[in-house]
Amino acid sequence: MKITREEVLHVAKLARLNLTEEETTRLMEDMGSIIGFADKLNELDTEGVVPTAHAIPMQNAFRKDEIAESFPREEILKNAPDSDGEGFLIPKVVE
Amino acid sequence: MDLYTLTAHEIRDMIKEKKISSKEATQSALDRIAQVEDKVESFVTVLGDEAIAQAEKIDAKIASGEEVGALAGVPMALKDNMCTKDVLTTCSSKMLYNFKPPYNATVTEKLAGADTVLLGKVNMDEFAMGSSTENSYYKKTKNPYDITKVPGGSSGGSAASVAADEAFFTLGSDTGGSIRQPAALCGCVGLKPTYGSVSRYGLIAFASSLDQIGPMTKDVKDCAMVLDQIAGYDAKDSTSVNIQHPNFEAALTGDIRGLKIGVPQEYFGQGISEEVTAAVNAALSNMKAEGAEFSDMSLPLNEYALPAYYMISSAEASSNLARFDGVKYGYRAEKFNDLIDLYCQTRSEGFGAEVKRRIMIGTYALSSGYYDAYYKKAQQVRTMIMNDFGKAFETYDVLVTPASPTTAFGIGEKTSDPLEMYMADICTVSVNIGGLPAIVIPCGYDKNGLPIGIQIIGKPFDEATVLNAAYALEKTITKVKPNL
């Protein structure tokens with residue numbers, strides 16, 4: 001399986017990763033061999049087989065829509081790389 | 001006698017009978033850590049003073065006659081992907097180098113409720129992706145049986161610390177074998193419970209439909225004892241299953257007369273070392289001598305488990321790891337042009353090579369044009385593999401296989417080829433695909449003295465049978481401690 005440079009760069013953009021030249025070249029090779037390995041699945045006829053998302057049969061797990069206690073703001077902001085004490089700070093997005 | 005050599009249930013009983021204090025047990029473990037940690041490097045964070053303070057608190061409770069938890073005073077450690085309130089939880093990643101969770105994982109909370117003592121957080125492959133613990137951003141944990149070898153992974157720190165007697169027990173997490181493969185390589189006991197048995201709340205997610213937390217212990221009784229504390233329904237985990245679990249420790253009878261064991265032949269072929277095969281066959285003979293019956297059988301789709309696993313787990317990982325963006329917690333890049341570049345730079349600098357590789361594979365498998373060919377296809381194969389297991393369990397009570405194709409391999413030996421490293425999980429991934437419970441225990445040693453693991457797989461929610469089979473087998477095995 002061949003993965004092109006363009007494919008790697010497209011996927012990296014979707015995944016929000018900036019790759020170095022070296023990483024890009026390495027990923028072309030690694031993704032090629034791993035995706036190639038996954039092509040083995042095509043040996044199986046899966047026509048009409050229902051896909052399994054979870055190993056146990058599950059329905060949607062709902063809870064009652066009730067107001068419960070939440071974390072204090074300062075607790076949550078303690079881990080923020082940048083904060084003004086009220087919210088998370090990010091670079092300006094609207095000029 | 002040094003206390004640190006004892007099992008967790010022995011320590012529990014001695015504290016209960018007031019023969020020793022929790023402080024003595026804790027100090028013994030901390031002394032052992034000080035003695036061997038520079039060789040083994042299991043821990044990311046050691047809580048010295050905090051652990052002693054916690055032990056003193058429990059000792060005071062015991063002295064005053066107050067009611068205490070079931071594991072009162074027993075020192076243990078947690079894999080560094082389980083949230084511990086105000087205690088560093090790094091996932092062995094640069095991305096979370098400074099992350100102190102504002103809450104406890106449910107397992108952390110439950111073990112605190114059982115009055116255990118937290119010794120620290122143990123090393124792992126970054127975000128639990130790997131089979132050797134070489135993907136940790138912080139350190140390379142060594143195999144206590146030979147420090148030039150890997151401990152396995154991703155729960156390598158959990159396994160090595162138990163094998164080296166640094167902790168009386170630990171918890172690991174298992175997405176494709178991350179409890180069982182390191183347990184095999186380090187000669188300890190590791191159990192992956194049925195999906196939904198143990199709450200994943202506060203476990204930093206890798207692949208949500210496969211991840212399970214489980215005990216890593218010195219013997220099977222310890223394993224049952226710890227599972228008794230951590231299993232159970234949790235409303236905070238929407239995939240938690242609400243069923244009544246038996247008392248696993250009490251269910252250990254050691255009687256396996258009439259137990260029907262299936263031995264899937266697909267696990268004994270190419271790539272499985274002769275010494276591993278011989279040790280597993282010898283263990284099967286021991287189980288037969290204990291009254292179990294075994295016969296060869298087939299799981300024909302086994303060879304498709306690994307490719308299906310890598311598609312499903314990487315797809316889920318790429319989605320789960322999208323949350324690491326440098327905004328809410330953890331690492332943030334110093335230089336960036338705008339918001340999108342902040343995300344990209346943070347992720348590029350914060351994640352290691354293997355994590356990036358899995359995110360890339362997963363993003364590819366979920367992307368437009370490839371979704372049906374890879375992700376959906378893998379989920380369909382998952383259904384077929386589960387049907388295979390379902391059929392097998394109509395005839396057999398448990399299935400027995402090797403736990404790892406080889407004994408511990410050398411540090412650096414498999415780091416250049418990702419596919420070769422992925423093969424280390426060939427004996428374990430199908431169990432996660434099926435959501436089944438499986439235990440690994442040591443069943444012998446190779447000619448170099450490295451442990452060999454055997455895997456016992458059970459029906460969903462039948463951990464009791466799996467544990468009891470392991471308990472019976474364990475009695476026939478002579479265990480050797482590492483010489484550190």
Side-chain angles (χ1 to χ4, degrees), chain A residues 3 7-8 10-20 23 26-27 29-31 33-63 71-72 74-83 87-93, chain B residues 98-100 102-103 194-196 209 235 238-239 241 301 303-304 306-308 310-311 318 322 325-332 336 338-340 342-345 347-348 351 353 356-357 359-361 363-365 367 374 376-384 386 418-419 433-436 460:
Chain A
I3 303 283
E7 282 176 303
V8 169
H10 170 65
V11 173
K13 195 177 160 200
L14 296 176
R16 298 279 189 252
L17 290 169
N18 291 339
L19 300 177
T20 64
E23 284 177 318
R26 177 79 203 257
L27 277 165
E29 194 183 309
D30 288 348
M31 288 175 70
S33 70
I34 296 165
I35 301 290
F37 179 56
D39 281 332
K40 187 174 173 57
L41 298 175
N42 292 325
E43 293 170 11
L44 294 174
D45 180 7
T46 53
E47 184 71 40
V49 176
V50 179
T52 297
H54 270 93
I56 43 167
M58 285 194 324
Q59 303 287 321
N60 285 334
F62 292 120
R63 61 166 171 76
F71 286 100
E74 60 274 17
E75 276 288 300
I76 294 302
L77 290 177
K78 255 198 309 204
N79 277 298
D82 197 6
S83 150
F88 300 104
L89 292 188
I90 55 166
K92 199 171 178 181
V93 283
Chain B
N98 60 354
F99 178 57
K100 290 186 176 170
Y103 68 102
T194 310
Y195 185 81
S209 83
S238 60
T239 60
V241 176
L301 297 177
E303 61 177 316
Y304 300 98
L306 202 60
Y310 273 94
M311 288 302 109
S318 73
D325 57 4
V327 173
K328 304 176 294 296
Y329 36 67
Y331 180 76
R332 173 184 281 196
F336 45 85
D338 53 23
L339 181 61
I340 300 293
L342 162 75
Y343 300 152
C344 293
Q345 274 308 111
R347 292 164 62 78
S348 301
F351 291 136
K356 286 183 197 173
R357 191 150 46 221
I359 290 173
M360 290 289 289
I361 294 288
T363 306
Y364 181 89
S367 66
Y374 294 105
K376 188 178 163 205
K377 182 85 184 178
Q379 287 190 314
Q380 289 174 312
V381 172
R382 182 174 192 177
T383 305
M384 295 168 76
M386 289 176 69
L419 268 183
I433 300 240
L436 304 170

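Values below: all heavy atoms of this structure, side chains included; hydrogens, waters and symmetry mates excluded. Chain A is the first sequence line, chain B the second, and so forth, proteins listed ahead of strands; every chain is numbered from 1. The shown structure was predicted, so the numbers you read here are calculated from the model rather than taken from an experiment.
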Under 4.5 Å from any heavy atom of chain A - which part of [X]:
X	value
B:Leu339	both
B:Pro460	neither
B:Leu436	neither

*Testing B:Met386, B:Gln380, B:Met384 for side-chain contact (heavy atoms from CB on, under 4.5 Å) with B:Arg382, which one passes?*
B:Met386
*For the atom pair OG1 (B:Thr363) and CZ (A:Arg16), what is the distance rounded to the nearest 0.5 Å?*
11.0 Å
[X], part contacting chain B, at a heavy-atom distance under 4.5 Å:
X	value
A:Val50	backbone
A:Glu29	neither
A:Asn42	both
A:Leu17	both
A:Phe37	both
A:Leu77	neither

*Would you mind checking if A:Glu23 and A:Arg26 are paired as a salt bridge, meaning a charged N to carboxylate O distance below 4.0 Å?*
no
*Could A:Lys40 and B:Tyr304 be counted as a cation-pi pair, given that NZ or CZ must be under 6.0 Å from the ring centre and within 45° of the axis?*
yes
_Set of ring pair (Phe, Tyr, Trp, His ring centres under 6.0 Å) partners for A:His54, sequence neighbours left out_ = B:Tyr195
*Pick whichever of A:Pro51, A:Ala38, A:Ser33 has the most heavy-atom pairs under 4.5 Å with chain B.*
A:Pro51
*Other residues, nucleotides, ligands: >12 heavy atoms within 6.0 Å of B:Lys376 NZ*: no
